[in-house]
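Counting begins at 1 with the first residue of the sequence. Heavy-atom basis, side chains included; hydrogens, waters and symmetry copies ignored. All figures in this text were calculated on a predicted structure; none of them were measured in a lab.
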Amino acid sequence: MRKLFFLFTALCLVSPVIFGQNITFRATTEKVVVVGQQFRVNYTLTTGGETGKDIRFPDTNDFDNIFGPTVSFQSSSSYINGKSSTQATGIFTYVLLAKSEGTFTIPPATIKVGNSEYKSNELTVKVLPPDQAANAASANANAGNSANSVQQGTQSSSSGNVSSDDVFVRMIVSKNSVYENEGFLVTFKLYTLVNIAGFDDSPKFPEYEGFIAQEIDMPPNAQWALENYNGRNYQTLLLKQTVLFPQHSGKITIASGKFNVIARIRTQRRQRSFFDDFFDTTEDVKRTLTSSPVTIDVKPLPPGKPDSFTGAVGDYKMTSSISTNQLKSNDAVTVKVTISGSGNIKLVKNPEIVFPNDFDAMDPVVTNNTKVSSSGVTGTKTIEYNAIPRFAGDFTIPKAEFSYFDLKSGAYKTLTTDEYALHVEQGEAGSGINAPIVNATNKEEIRFLGKDIRYIKTDSGHFHKGDFFFGTFRYLLFYIVPALLFLILFLIYRNQAIQNANIALVRTKKANKVASKRLKTAAKYLKENKTESFYDETLRAVWGYLSDKLNIPVSALTKDNVDANLTKYGATESLIKDFRDILDTAEFARFAPAQESGKMDELYDATVQAIDKMENTIKK
C-alpha cells in the first residue's frame, strides 16, 4: 500500500511535464527584403520546461548565413487550482544576406527536445532588386527591416522638397478588358519614399459610374509593405480595394481619385551643429495626389443566349430541395433553390418555379451569404418558394432553369432543378364552392364563397290572415324586396368571385396599391438614411408593379421585354425611358458608395410620378 502511495505521488509531480507540455517550434522572418540586405530569421521553441538542443539550420544556396544562432531563453512558472505548470521559451536567431532577386523558400529547421525531434514551418521570402538611385540603395542597405527607417534614410537628401516621384497614388486594375457583368479588382495603393504623417482629409475615390461596386473590407491596422516599382523600392500602403461589375459594353472610364497627404521630411540647416546628429529637424509638407484615370474595354456577351439567361456571368452551381412530397390542401409547401459560386451573386435573378394553377404562390424569400475578397465575390444565394395547394390531387412542379455565361469556357451553361411530384390530400376546408378564393396580390384577404350564401328556411311557417293586410301591395313587397336584394347580392358576389378567380386581372387592378405600400416602406428607409434598404425596396416596388401590370412573372422580367410590352400597351417613349432610368439608377446605387439624400429624394419622386403616368396610360 505504501508503494502505491509513493507511485501515485510521483505521477502527480511528473504528469505536468509528461502530459501537460505543448511543444511548438515556429519560424518567422521578413516577407520582403532587398538584394544585399541583411535580415533575421527567428526560430521560437516553446516547451513545458525542457530546453532544446542540436538545432540544425537548413541548407540553402539562395542566402548567405552571416552568423547564428544567437540564443535567448525565458522561463515562467504558475500554480493554479493546485496544479503547477512551467513554460520555457527559447529564441534562436540567424542573420542572413539576400544574394539575388526572386522569390525563395527556406526549408524547415529541426531541433531536439528530449528524445524527440521537431520541425519548424518553411518560410517564403521575396527579394527585390536594389534601388536604382544610389542614395535610396544606401538607405535601404542600412535601414534593416523597419519601414520608418527606410523612409527616413531616403528623405535625408530631400531638403524640404517632395517630388511626384517621392510619393504618389496608383489605381491598379486586375483586367483592362472584360465582359459585361464580369467582375474585376480595382486597387488604390500609396507609394512613398518619405514618411507619411497622415491624410489632411478623407480620400476622395471615384464614383464608379457604369459599374456595380462591391467593396472589400480593409483591415483596421493597415501594414506597410516594400515594393519595387520603376526601379525604386517604395513603402506601399493599400488604401482601398473594390470589385467592379460593368453594366454595359463599350469603353468605360474610371475617373481619378484625389488624396491629400502630409509628408514629414527632414530639413537641413545652413549651419550644422554638433547636436544636429542627435536631434532631427522635420517639416510637414502637404501634397495633393491624383491617381490617373483608367479606361476599361467592356466586351458584349456573345450571341446565342438561352431563354433562361438573365445576365449572370461567372461560375455557378445550383441545387434544389422540397420540404415534403405529401401534404394536405391549404398546407404550405416550400421549394428551396441554392445558387453558389463566384460572380455578382446578389444580382442573380431568381429562377422561375412554376407551381400548378391550383396553388397560391407567395413572394420568394431570398437569403444572400457572400464574401468579397481580392479574388472576387463568392458565396451562396438561397431562394425559398412557398405555395399553398387549394385542392386535393396529384400535381407536378416542373424543372426550373438557370443560365449563366461561363468565363472559363467562354460559353453559356444551363443548370436545372429537380422535378417534384406532389400528392395533396383533402384538408379541413372543402373543395368546389367552399374552397378558398385567394387574392394573388394580397394573401391576407381570404374569403369563402360558400359563406356568402345563407341558408334559406323552406317551411311555410304561420301567418295571420286578415283583410287589412293579406293580398295587399305591402304584403307582396315583403316577398319581392328580399328576393330582389338576394338576387342583387348574389350577382355582386358572383361577379367578385369570378374576378378573384382571374388572378391576372386581380394583380393588374391591385398593382398600384401594392406598389404604393412598398414605396411607403422605401420612404421610411429614406428618412432613416438606410441607403441599401431604400434602393432594394424601390427596386422591389418597380419590378413588382411592372410584373403585376404587364402580367409577367418577376423572374421573367428583363429591361428589354419591359420596353417591348410598354410599347405594346401604348406607353410613350419618355415614360419607358423614365422606368429604365429608375431601374438603372437604383441598381447602380445599391452597391455604390453612400449616396446623397438629395439623389435618393429625386429617385423616389421620379418613381411615384412614373407609376402615376402608367396608371393613366394603361387601362384594364
Side-chain angles (χ1 to χ4, degrees), residues 212 247 310-311 347 349-350 352 361-364 366 438-445 499-500 502-592 595-620:
I212 288 179
Q247 295 302 289
T310 57
L347 292 185
K349 289 196 174 181
N350 303 335
E352 182 181 5
M362 313 295 180
D363 289 338
V366 181
V438 182
N439 186 328
T441 303
N442 187 351
K443 301 299 179 184
E444 296 177 356
E445 298 177 3
Q499 291 183 358
N500 286 337
N502 188 347
I503 295 176
L505 182 61
V506 172
R507 290 179 61 189
T508 300
K509 286 187 174 182
K510 299 234 175 177
N512 187 30
K513 182 178 179 181
V514 175
S516 298
K517 288 183 178 179
R518 286 176 171 165
L519 285 175
K520 287 181 180 178
T521 305
K524 177 183 175 183
Y525 291 137
L526 176 61
K527 291 180 180 179
E528 296 174 354
N529 201 26
K530 295 181 179 179
T531 305
E532 185 172 349
S533 299
F534 167 76
Y535 287 115
D536 280 341
E537 198 63 30
T538 302
L539 282 173
R540 284 170 57 86
V542 176
W543 280 118
Y545 176 80
L546 293 174
S547 172
D548 293 339
K549 205 67 179 176
L550 302 178
N551 195 23
I552 301 174
V554 175
S555 58
L557 277 178
T558 64
K559 294 176 184 177
D560 293 335
N561 63 21
V562 165
D563 292 350
N565 280 275
L566 288 177
T567 303
K568 183 173 67 175
Y569 285 111
T572 62
E573 290 293 333
S574 62
L575 180 58
I576 296 173
K577 183 178 182 300
D578 289 343
F579 274 102
R580 178 173 280 274
D581 290 344
I582 291 168
L583 293 172
D584 288 341
T585 302
E587 287 180 352
F588 293 162
R590 188 164 56 158
F591 301 106
Q595 301 291 310
E596 298 177 0
S597 58
K599 294 183 180 180
M600 296 164 64
D601 288 332
E602 292 176 4
L603 179 65
Y604 180 82
D605 294 338
T607 305
V608 174
Q609 293 174 8
I611 291 177
D612 289 342
K613 291 180 182 178
M614 176 77 98
E615 288 297 306
N616 295 327
T617 301
I618 299 181
K619 302 290 184 180
K620 285 196 174 183

Q. Got a second to check how far Ile611's CD1 is from Leu575's CG, nearest 0.5 Å?
A. 10.5 Å
(Q) Working to the nearest 0.5 angstrom, can you tell me the gap between Thr531 OG1 and Leu526 CG? (A) 9.0 Å
Q: Determine whether Leu603 and Tyr535 make a side-chain contact, defined as any pair of heavy atoms from C-beta on separated by less than 4.5 Å.
A: yes
Q. So, for Ile582 and Ala606, which heavy atoms are closest and what is the spacing to 0.1 Å?
A. CD1-O, 3.6 Å
(Q) Classify the ring geometry of Phe534 against Tyr604: parallel below 30°, tilted from 30° to 60°, perpendicular beyond 60°. (A) tilted
Q: Output the distance between atom CG (Leu546) and atom CG (Leu566), rounded to the nearest 0.5 Å.
A: 6.0 Å
**Q.** Rounded distance (nearest 0.5 Å) linking atom OG of Ser516 with atom CG of Asp612
**A.** 8.0 Å
Q | Ion pair check, Asp363 and Arg518, cut-off under 4.0 Å | A | yes
**Q.** Criterion side chain to side chain contact (heavy atoms under 4.5 Å, CB included) against Val542, the qualifying member of Thr607, Leu519, Val562
**A.** Thr607
Q) OH/Tyr545 to CD/Glu615 distance, rounded to the nearest 0.5 angstrom? A) 3.5 Å
Q: Quick one: pull up CG in Leu583 and CG in Asp578 and give me the separation to the nearest 0.5 Å.
A: 11.0 Å
